[in-house]
2 protein chains.
Amino acid sequence: MSTPLPQFPKPQEPAAEPVLMEFATPAEAPQLRADAARNRARLLEAAARLVERHGVANVTMEAVAAAAEVGKGTVFRRFGDRTGLLTALLDHTEQQFQTAFIGGPAPLGPGASPLERLHAFGCRALRLTSDQLDLYLAAEPSPTRRFSSAPYRVRFMHVCMLLRQAEPAADIELLAQTLMGYLEPALVHHLTRQRGMPLERLESGWHDLVDRTVRPSAGRHLPGA
Amino acid sequence: MSTPLPQFPKPQEPAAEPVLMEFATPAEAPQLRADAARNRARLLEAAARLVERHGVANVTMEAVAAAAEVGKGTVFRRFGDRTGLLTALLDHTEQQFQTAFIGGPAPLGPGASPLERLHAFGCRALRLTSDQLDLYLAAEPSPTRRFSSAPYRVRFMHVCMLLRQAEPAADIELLAQTLMGYLEPALVHHLTRQRGMPLERLESGWHDLVDRTVRPSAGRHLPGA
DNA sequence: TCTTTAAACGGACCTCGGTCCGGTTTATTG
DNA sequence: CAATAAACCGGACCGAGGTCCGTTTAAAGA
């Protein structure tokens, strides 16, 4: 009845709490076995090639496995699920972004005011998303995992930090979620592709939103957070 | 190569533009054939029963068909896909909500100020979502259709209308999407179930958010909307 | 170098959402 | 009350994501 050996030791995400101070790929580097590392690289390369050629929607997990000359089980062992593989495809870009807003030059990185950094953060995020919209869309985790994914958490924590500095008198966490919501790939897709808005309008919208929400003004309904 | 007869005349959603002034079930009443109507009722009843007994996650389309003593094809002909069936399950509640905020008593309906109505709208939406969270979560359409679903559009248009009255100097559409984002089932799930926040805090957050965003204050970055 | 063991491998297999299409039922019309 | 057309029905069928488990293999220790 019970499976004593969890023969699938769960690849990504180590736990749920450790959170902070770790980047997207949490403990993935813990030296893989040589063959595993080689196959991982092959899979990512094959996936990237197929996605570029046929569009992410027409790429099946089996096709990726075949193109990488690897068994199907290997793909899932390494990346967990389709979302995991697609997320890994975006990992390089995401890492760059993280490095930029954590330690890079102003106005994105430290050196500018929290408010300026927040403005810059949203614009950059919007651009990244819009540049690889299909991929970001397809990589979206299931609704119940969206907020637990490593990349999301890193961005979220950063927004929280900026908000704490810029707007201490607020329910930071809720405000941050609201702002993050504006940057969601699904929304960007809807506005740009289905409603035909230019990206510039989304950017203006972000600036406006930030100006409205982050502004010292004792909100009347503040709970004891 | 081509299928001259689209033997599946597409059940839900009539088009993409007609929008306004039609409720959730658009042109679904257009008298179904007697047997079709009977089967539809059976299916909804069976689905509701199974969902209540086993939880929405453990209910397959085939099981619903079997429980309703109907072929599998019939389910999909009637409801399009799983999302369609689940949405139909929520339809009654949603209709009530719509009636309430369109023509019901204040503060939700007309009679109160736009701002008050907006405050009430969010609280009611949060409660509804939280009351049947699992169902709302499972009924969530794919990311590319979320914003096109009939129930979403009705809510969205309403928020737009209220915003136009309360805050003419803003990019209404973007602001409305932001507010709607705060009410998303996925977010409610995360905050209440994964982060353990009480619903009251979400409500306070909504009030605060509305107070912040809808407030006459010439935002500096307004585009020519 | 040989043994050992935990990790990795691969592909058959399962489940479930969604589609197809030949046969059936309902409603309309002459 | 036939006849005709449109809508409906059902269940075999398909594709893709995800799992299982017997086999292989890289790496650490004797």
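To find a chain, count down the sequence lines: A is the first, B the second, and so on, and within it residues start at 1.
Residue pairs meeting the side chain to side chain donor-acceptor pair (under 3.5 Å) criterion with at least one member in residues 176-185 of chain A, sequence neighbours excluded: A:Arg146-A:Glu184, A:Tyr152-A:Gln177, A:Glu184-B:Arg146.
In this structure, B:Val51 and B:Val64 have side chains that are not in contact, with every pair of non-hydrogen atoms separated by 4.5 Å or more. Side-chain atoms of A:Thr192 and A:Leu133, non-hydrogen and from C-beta on, do get closer than 4.5 Å to each other. Looking at heavy atoms from C-beta onward, A:Tyr136 lies in side-chain contact with A:Leu128 at the 4.5 angstrom threshold. Contact annotation: the side chain of A:Arg78 approaches that of A:Leu32 to within less than 4.5 Å [non-hydrogen atoms, C-beta and beyond].
Taking the nucleotide of DNA chain C with the nearest heavy atom to each of B:Met61 and A:Asn39, the more 5' of the two is matched to A:Asn39. Summary of the strand contacts: A:Thr60 and B:Glu62 both lie near DNA chain D, and taking for each the nucleotide with the nearest heavy atom, the more 5' one is attributed to B:Glu62.
For the OP1/OP2 pair of D:dC9 and a distance below 4.0 Å, the side-chain nitrogens and oxygens of B:Arg78 include at least one atom meeting the criterion. In this structure, A:Thr74 reaches the C:dG10 phosphate: one of its side-chain N or O atoms is under 4.0 Å from OP1 or OP2.
A straight line from CG of A:Asn58 to C1' of D:dG17 spans 16 Å, rounded to a whole angstrom. For the pair A:Arg77 CZ and D:dT25 P, the interatomic distance rounds to 15 Å; values are reported in whole Å. Atom CZ in B:Arg82 sits about 10 Å away from atom C1' in C:dC16, given to the nearest Å. The CZ-P distance, from A:Phe76 to D:dT19, rounds to 8 Å in whole Å. Between A:Phe79 atom CZ and C:dG10 atom C1' there is a gap of 16 Å when expressed in whole angstrom units. Atom C1' of nucleotide C:dC9 and atom CG of A:Leu43 are separated by 12 Å, given to the nearest angstrom.
In summary, B:Arg40 and B:Asp35 do not engage in a salt bridge, as defined by a charged side-chain N under 4.0 Å from a carboxylate O. Of the charged side-chain nitrogens involved, at least one lies within less than 4.0 Å of a carboxylate oxygen, so that A:Asp134 and A:Arg193 count as a salt-bridged pair.
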Report summary line: Whether each nucleotide of nucleotides 22-30 of chain C has a protein heavy atom under 4.0 Å at its base (B), only at its sugar-phosphate (S) or at neither (-) is summarised, 5' to 3', as ---BSS---
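Note: A:His207 NE2 to B:Asp171 CG = 13.0 Å, rounded to the nearest 0.5 Å.
In this structure, B:Phe121 and B:Trp206 have tilted ring planes: the angle between them lies in the 30° to 60° band.
Listed by residue number, A:Val70, A:Gly71, A:Lys72 are the residues of residues 63-72 of chain A with a heavy-atom contact under 4.0 Å to DNA chain C.
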